[in-house]
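To find a chain, count down the sequence lines: A is the first, B the second, and so on, and within it residues start at 1.
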Number of protein chains: 2
Amino acid sequence: MNHYANQTRLLVAIDCIIFGFDGQEIKLLLIKRNFEPEQGKWSLMGGFVKEDEDLDVSASRILYELTGLTNIYVEQVQIFGNVRRDPVERTLSVMYFALINIADHDTDAVRSHNASWISLSQKPNLIFDHDEMVAIAMDRLRYKAALHPLGFELLPEKFTIPQLQKLYEAVYNIPLDRRNFSRKLLSTGLLQETGEKDENSATKKAMLYRLNQDRYQSRFNAFWNFVPDSMLV
Amino acid sequence: MNHYANQTRLLVAIDCIIFGFDGQEIKLLLIKRNFEPEQGKWSLMGGFVKEDEDLDVSASRILYELTGLTNIYVEQVQIFGNVRRDPVERTLSVMYFALINIADHDTDAVRSHNASWISLSQKPNLIFDHDEMVAIAMDRLRYKAALHPLGFELLPEKFTIPQLQKLYEAVYNIPLDRRNFSRKLLSTGLLQETGEKDENSATKKAMLYRLNQDRYQSRFNAFWNFVPDSMLV
DNA sequence: GCAAAAGTGTTGGCGTTACACCCATGA
DNA sequence: TCATGGGTGTAACGCCAACACTTTTGC
């Protein structure tokens with residue numbers, strides 16, 4: 001037995017929801033399509049899965065093509081499989097979400113793909129079911145970030161607590177108390193002091209921290225709420 | 001443009017992790033394969049996605065074939081896509097988990113598929129990557145049940161609080177305090193009294209409740225911890 | 001010195017835990 | 001009437017939201 005007979009084979013694509021953070025707002029990396037179908041419209045970055053390519057590898061390849069980055073944080077969210085989701089031909093789509101630091105990426109690669117960073121609040125309508133994908137990815141981000149310390153991938157390697165707070169405020173669109181946020185975060189023991197300070201500040205310079213990767217991996221499931229319960233209803 | 005040229009098409013299967021509860025233990029519905037490949041070994045229930053079938057429909061069809069049940073609680077977990085996960089031929093597999101009340105299902109359909117309910121503690125090794133799928137599904141169940149009131153699908157329509165407690169104890173393999181469990185649960189307002197009592201008990205008969213479906217839907221994300229934080233590390 | 005941002009302390013309320021106690025049932 | 005399991009009460013503790021105060025920096 002070396003193959004399954006009489007079974008349908010289907011096209012399988014990857015679509016990437018790429019989140020970035022510029023210090024103020026959550027942004028999405030979107031492309032204005034200069035190819036068919038739906039040329040001229042906005043969509044997520046995507047591509048077809050190849051014959052000999054694991055799904056995760058495929059997602060990483062597509063992200064690399066657009067951003068020039070390897071070792072990005074990616075996470076499979078779900079697969080979309082409605083028969084008529086792609087009007088050209090039935091295509092399944094595995095949705096991945098990625099978190100990257102906007103400052104890191106390769107601007108040439110982005111430009112050559114006709115892509116741009118667009119804030120969530122100004123997102124245009126996207127093709128197919130891509131709007132729904134973005135909504136689901138955002139929900140996932142909120143859900144996870146409410147329970148786990150998340151989002152370090154969206155910041156520089158060395159970051160300050162106020163920067164991380166800004167990120168959380170952007171994710172949930174609410175203000176958080178500076179003092180409580182800081183204490184809760186430090187109590188996790190996830191941050192290592194670098195001894196340096198943020199020179200960009202015009203006033204008191206905040207301490208720069210680095211993520212303790214080992215502890216982050218091992219204690220990821222030590223749940224932890226950054227957001228008041230009332231937010232999550 | 002009516003199709004995508006020069007792209008690989010792939011086999012896509014569904015595999016179902018079917019959880020049940022018998023009042024004491026969490027069980028899995030597994031089949032002893034009387035067909036190739038891997039005839040004679042144990043596996044999850046599965047099947048190929050058809051040409052004109054949405055993924056969720058495909059999962060429901062496969063569950064119906066085995067259990068005779070419709071309107072089962074199913075949830076897509078993730079897609080497995082490693083190139084060599086199926087030794088016969090590359091096959092992607094979309095993993096679904098289902099929760100059903102063991103007492104409900106169609107025993108003839110189960111028997112004709114050579115399937116059995118097997119407690120997690122006695123699970124045999126399964127084919128391909130199905131062991132990994134079960135582990136991931138169990139993690140998902142634990143994760144969700146820690147945050148949301150979950151598992152009503154595993155119980156009869158009318159159930160007692162002690163029954164639900166037994167379920168939670170089985171999911172986490174830990175004892176829970178009867179009194180605290182009961183109060184926490186009632187405080188959610190998710191349970192409606194039926195006025196009836198459980199006649200099966202030999203001692204004091206517990207009150208039977210019914211799930212308030214509307215409230216359950218709308219407040220699912222009102223997070224809620226049944227399990228001490230220490231369990232979740 | 002002043003405004004603006006960062007860091008440290010203190011409090012009260014609320015939810016959770018860990019118990020003791022009472023009730024219903026059948027043998 | 002006793003054993004078993006179900007239901008209600010409560011006190012201590014800990015966490016967290018809310019808010020006051022101090023420190024650093026540049027103009």
B:Arg178 atom CZ is separated from D:dG7 atom P, nearest whole Å, by 9 Å
Between CG of B:Leu186 and P of C:dT16 the distance, given in whole Å, is 14 Å
Taking only nitrogen or oxygen atoms into account, show me every contact under 3.5 Å that the protein makes with nucleotides 12-16 of chain D, one pair per line with its distance.
none

- request: Would you check if the distance from the ring center of B:Tyr216 to the ring center of B:Phe152 is below 6.0 Å?
  value: yes
Salt bridge check, B:Glu193 against B:Arg210: does any charged N sit closer than 4.0 Å to a carboxylate O? no
Atom CG of B:Leu176 and atom C1' of C:dA18 are separated, to the nearest Å, by 14 Å
Does NZ belonging to B:Lys41 count more than 12 external heavy atoms closer than 6.0 Å? no
So, with a heavy-atom separation below 4.0 Å from DNA chain D, the residues of residues 191-211 of chain B are B:Thr203, B:Lys204, B:Ala206, B:Met207
To the nearest angstrom, the CZ-P distance between B:Phe181 and D:dG9 comes to 19 Å
Original post:
Ring centres of A:Phe80 and A:Phe128 under 6.0 Å apart?
Top reply: no
Here the distance between atom P of D:dG5 and atom CZ of B:Arg179, to the nearest Å, is 14 Å
By ring-ring contact (aromatic ring centres under 6.0 Å, His included), B:Tyr209 pairs with (sequence neighbours left out) none
To the nearest angstrom, the CG-P distance between B:Leu185 and D:dT8 comes to 13 Å
Intermediate values then yes/no, side-chain contact (heavy atoms from CB on, under 4.5 Å), A:Leu99 and A:Phe97 | CA-CA 7 Å; A:Leu99 302 179; A:Phe97 92 62; 3.8 Å; yes
When rounded to whole Å, the CD to P distance for the pair B:Gln165 and D:dG7 reads 10 Å
Only residue of A:Ile79, A:Val77, A:Asp15, A:Asp56 satisfying side chain to side chain contact (heavy atoms under 4.5 Å, CB included) with A:Val94 is A:Ile79
Cationic N near anionic O, under 4.0 Å, A:Lys158 to A:Asp198
no
Between CG of A:Asp177 and C1' of D:dC21 the distance, given in whole Å, is 14 Å
Rounded to the nearest 0.5 Å, the CD atom of A:Gln165 sits from the OG1 atom of A:Thr160 at a distance of 9.5 Å
